[in-house]
Amino acid sequence: MSNDDIQPTEKAQDFIRDAVREDLKNGRFNHIRTRFPPEPNGYLHIGHAKALIIDFGIAEESGGECNLRFDDTNPTKEDVEYVDAIKEDIEWLGFHWANEFYASDYFEQIYQMAVKLIQKGKAYVDEQTAEQVSKNRGTLTEPGVESPWRNRPAAENLALFERMKNGEFPDGSLTLRAKIDMASGNINLRDPVMYRILQTPPHHRTGSQWKIYPMYDFAHGQSDSLEGVTHSLCSLEYEAHRPLYEWFLRELEIFAPRQIEFARLNMNYTVTSKRKLLKLVKENHVRGWDDPRMPTLCGLRRRGFTRAAVRDFVARVGVAKNDSVIDVALLEHCLRDDLNKRAPRRMAVLRPLKLVIDNYPDDLTEEMSAVNNPEDPAAGTRPLPFCKELYIEQEDFQETPQPKYFRLFPGNEVRLRYAYFVKCTHAVKDAAGNVIEVHATYDPNTRGGDAPDGRKVKSTIHWVSARHAIPAKVRLYDRLFRDPDPEAGEGFLQNLNPASLEILPACQLEASLAEARPGEKFQFERIGYFCADADGTPGKPIFNRAVSLKDTWAKVAGKG
RNA sequence: UGGGGCAUGGUGCAAUGGCAGCACACCGGCCUUUGGAGCCGUGGAUCUUGGUUCGAAUCCAGGUGCCCCAGCCA
């Protein structure tokens, strides 16, 4: 996959890059190495795109490298399914990791580090139950109570820890804890658990080899250290863990990376917590992780997002420490911005209404020339067949026009894009009074769309030839939640937008769209940007609406 | 009420002691063979109180508000 589509952005400037530059300048580090550390227990989403771009971007900019390291220290939640999906998403964004690592690669070394701390008298095996540990941790305002096992002799701790490793104790019966400070104002320092016993679940890589697993705090920093990571960039919630991160490194006397925290990316009308995303999938509120309404990278991709748009979006969001909620309109803007420049234009009628040109020869077919992309002359033109019977959009005709409506209505003349001026004569209705057919006459002198006498029309509408168009299904996607804050009121499941998906089963498309390959994107003129879905088959495509064209008419109509 | 962090237009990000700027959104105009795009323009912000300084969004002190931490999750 080439990266030609990714526009080189101006060199970003933010407090992390400042710190990195400073570390290089003052010699704290002489090269840069970062890591992207997902836990393989869910799919990557738009929030991860920010982390990805920071981790990989900063490494690239400074001539360094970025490792992909799966933080797989909890076998009860993790699975290879996620490993593969995560790698695919990173590649889609156009990033290349220097090494593919797993925290589980270091289990033996991390175990030896624990032994070292025990020997130093800095760790002990605790026999308290989980409830006791919790109770004795104290509260935000009261110090904790030291465990009765806290001063167990090192030799005894060593023996017990080895027996834990050998699987001699049931889950939850013992833990290995760091001996730090039960009275610390930072609760993370109140003798945090380093290892817990997990007998049963097979680990996705190490199988049943291990009966004990290190906690995040006792695995992440050392993994960074072992890899020679210079900058361990993570989100704000790890700020209170930094003293612990540094404590372990110091006590272990190993290379110390620098951890820097930044605010994660939140968007309105969107949820990004793994728990909520999983719930949406499991309870079938959406059709899987890659449902085009999901903020997952695979969902955005299926929706029709380009990686250029995603990367541009993240770049515009910036990096800071403020908790923030980005307007989803910015994401949409970035997609339009990218696709406007690159997506070929096509004719598509979503809600067809037959238009009959009464004075046009019954059997004649003419080929009109249509511009593929007005923003890109190199995209060329294509022929568009035109004949007596066409389909136009239902909303492009009004029998009695509302104010400021300039499209088709009896007596009004409009331009059929790239074809002729046509003047509406009358409409035909069914027994129920619905308009089922519109009739018009055309002016043969306006072929191509210009009137030699210089007269103007106030609007241009799109069309397809009824004889040549292909039927197709189109899915119209909208925001998944109707409230900017999905958690407002009763919670996110109660704020689902019932109109987030509308399926239009009987659209009529320009014939060239028949062979669209899944993932191909087009602008349907006057409507929006659409992406061919993998559910379609050759000759029977299905399109997803990625984003509508900005439609100021909707506002005019709303005001009227 | 312990510890840590953050406060700049509606939203997000800049300004690193020297004219508060950019983007999105919004509003208005021009242009248009997409009511798209493009072009031009309007309005709107430094949480608060005091201090230092010729000069403070920036430095100092107090106050207020919001976020994170009491998993054998990450």
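Below, chains carry the letters A, B, ... as their sequence lines are ordered, and counting in each starts from 1.
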By the Watson-Crick or G-U definition, both distances under 3.5 Å, B:G65 is matched with B:C6
Residue pair A:Arg407/A:Ser184 against RNA chain B: nearer the 5' end by closest nucleotide is A:Ser184
Please measure how far the P atom in B:U11 lies from the corresponding atom in B:U46, and state the result in whole Å. 13 Å
Here the residues of residues 524-531 of chain A within 4.0 Å heavy-atom distance, strictly under, of RNA chain B are A:Glu525, A:Arg526
Contacts satisfying salt bridge (Lys or Arg N to Asp or Glu O under 4.0 Å) that involve residues 177-194 of chain A (not counting sequence neighbours) are A:Asp126-A:Arg177, A:Arg150-A:Asp191
- prompt: Across the strands shown, which category fits A:Arg345 at heavy-atom distances under 4.0 angstrom: base, sugar-phosphate, nothing?
  reply: base
At a cut-off of 3.5 Å, list every protein nitrogen or oxygen paired with a nitrogen or oxygen from nucleotides 39-47 of chain B, distance to 0.1 Å.
none

Sorted by number, residues from residues 41-54 of chain A placing a heavy atom under 4.0 Å from RNA chain B are none
**Message:** Please give the distance between the C1' atoms of B:A45 and B:C26 as a whole number of Å.
**Reply:** 15 Å
Taking atom types as modelled, find out whether A:Gln523 and A:Glu525 have a side-chain donor-acceptor pair closer than 3.5 angstrom. no
Between A:Tyr195 and the options A:Phe161, A:Tyr213, A:Tyr124, the ring pair (Phe, Tyr, Trp, His ring centres under 6.0 Å) test singles out A:Phe161
Sugar-phosphate only, base, or nothing, as touched by A:Gln523 at under 4.0 Å among non-hydrogen atoms:
base
**Asked** Does A:Arg351 come within less than 4.0 Å of A:Glu393, counting only side-chain N to carboxylate O?
**Response** no
Out of B:U8, B:G35, B:G12, minimum distance to the side chain of A:Val317 belongs to B:G12
Which value, in whole Å, describes the distance between the C1' atoms of nucleotides B:G17 and B:C40? 36 Å
Span that lies between the C1' atom of B:U42 and that of B:A61, in whole angstrom: 41 Å
Using the P atom on both, measure B:C24 against B:G41 and round to a whole Å. 14 Å
| task | Look at all strands and tell whether A:Val325 reaches a base, only sugar-phosphate, or nothing, counting heavy atoms closer than 4.0 Å. | result | sugar-phosphate
Taken in chain and number order and not counting sequence neighbours, the residues that satisfy salt bridge (Lys or Arg N to Asp or Glu O under 4.0 Å) with A:Asp478 are none
Side-chain N or O of A:Lys341 less than 4.0 angstrom from OP1 or OP2 on B:A37? no
Query - Presence of A:Lys550 side-chain N/O under 4.0 Å of B:U34 phosphate oxygens OP1/OP2 - result: no
Exercise for the section: Record whether the side chain of A:Glu239 comes under 3.5 Å of the base of B:G3 through a donor-acceptor pair of N or O atoms. Expected result: no
Comparing A:Leu416 with A:Ser324, nearest RNA chain B nucleotide closer to 5' gives the residue A:Ser324
Q.
For the C1' atoms, the ones on B:G4 and on B:G44, what distance do you get once it is rounded to whole angstrom?
A. 34 Å
In A:Phe107, A:Tyr102, A:Phe70, the residue satisfying ring pair (Phe, Tyr, Trp, His ring centres under 6.0 Å) with A:His203 is A:Phe107
Which class fits the ring pair A:Phe543 and A:Phe522: parallel under 30°, tilted 30 to 60°, perpendicular over 60°?
perpendicular
Report yes if the distance between the aromatic ring centroids of A:Phe262 and A:Tyr238 is under 6.0 Å, otherwise no.
no
Interface polar pairs with nucleotides 70-74 of chain B, N/O, under 3.5 angstrom:
{"residue": "B:A70", "atom": "O2'", "partner": "A:Arg137", "partner atom": "NE", "Å": "3.4"}
{"residue": "B:C72", "atom": "OP1", "partner": "A:Arg137", "partner atom": "NH2", "Å": "3.1"}
{"residue": "B:C72", "atom": "OP2", "partner": "A:Arg137", "partner atom": "NH1", "Å": "3.3"}
{"residue": "B:C72", "atom": "OP2", "partner": "A:Arg137", "partner atom": "NH2", "Å": "3.3"}
{"residue": "B:C72", "atom": "N3", "partner": "A:Gly172", "partner atom": "O", "Å": "3.2"}
{"residue": "B:C72", "atom": "N4", "partner": "A:Gln128", "partner atom": "O", "Å": "3.1"}
{"residue": "B:C72", "atom": "N4", "partner": "A:Ala130", "partner atom": "N", "Å": "3.2"}
{"residue": "B:C72", "atom": "N4", "partner": "A:Gly172", "partner atom": "O", "Å": "2.9"}
{"residue": "B:C73", "atom": "OP2", "partner": "A:Arg196", "partner atom": "NE", "Å": "2.9"}
{"residue": "B:C73", "atom": "OP2", "partner": "A:Arg196", "partner atom": "NH2", "Å": "2.9"}
{"residue": "B:C73", "atom": "O3'", "partner": "A:Arg196", "partner atom": "NH2", "Å": "3.1"}
{"residue": "B:C73", "atom": "O2'", "partner": "A:Asn74", "partner atom": "ND2", "Å": "3.0"}
{"residue": "B:C73", "atom": "O2'", "partner": "A:Lys77", "partner atom": "NZ", "Å": "3.4"}
{"residue": "B:A74", "atom": "OP1", "partner": "A:Thr73", "partner atom": "OG1", "Å": "2.7"}
{"residue": "B:A74", "atom": "OP1", "partner": "A:Arg196", "partner atom": "NH1", "Å": "3.2"}
{"residue": "B:A74", "atom": "OP1", "partner": "A:Arg196", "partner atom": "NH2", "Å": "2.9"}
{"residue": "B:A74", "atom": "OP2", "partner": "A:Tyr216", "partner atom": "N", "Å": "2.8"}
{"residue": "B:A74", "atom": "N6", "partner": "A:His241", "partner atom": "NE2", "Å": "3.2"}
{"residue": "B:A74", "atom": "N3", "partner": "A:Tyr238", "partner atom": "OH", "Å": "2.7"}

A:Ala329 has its side chain closest, among B:C24, B:G35, B:U16, to B:C24
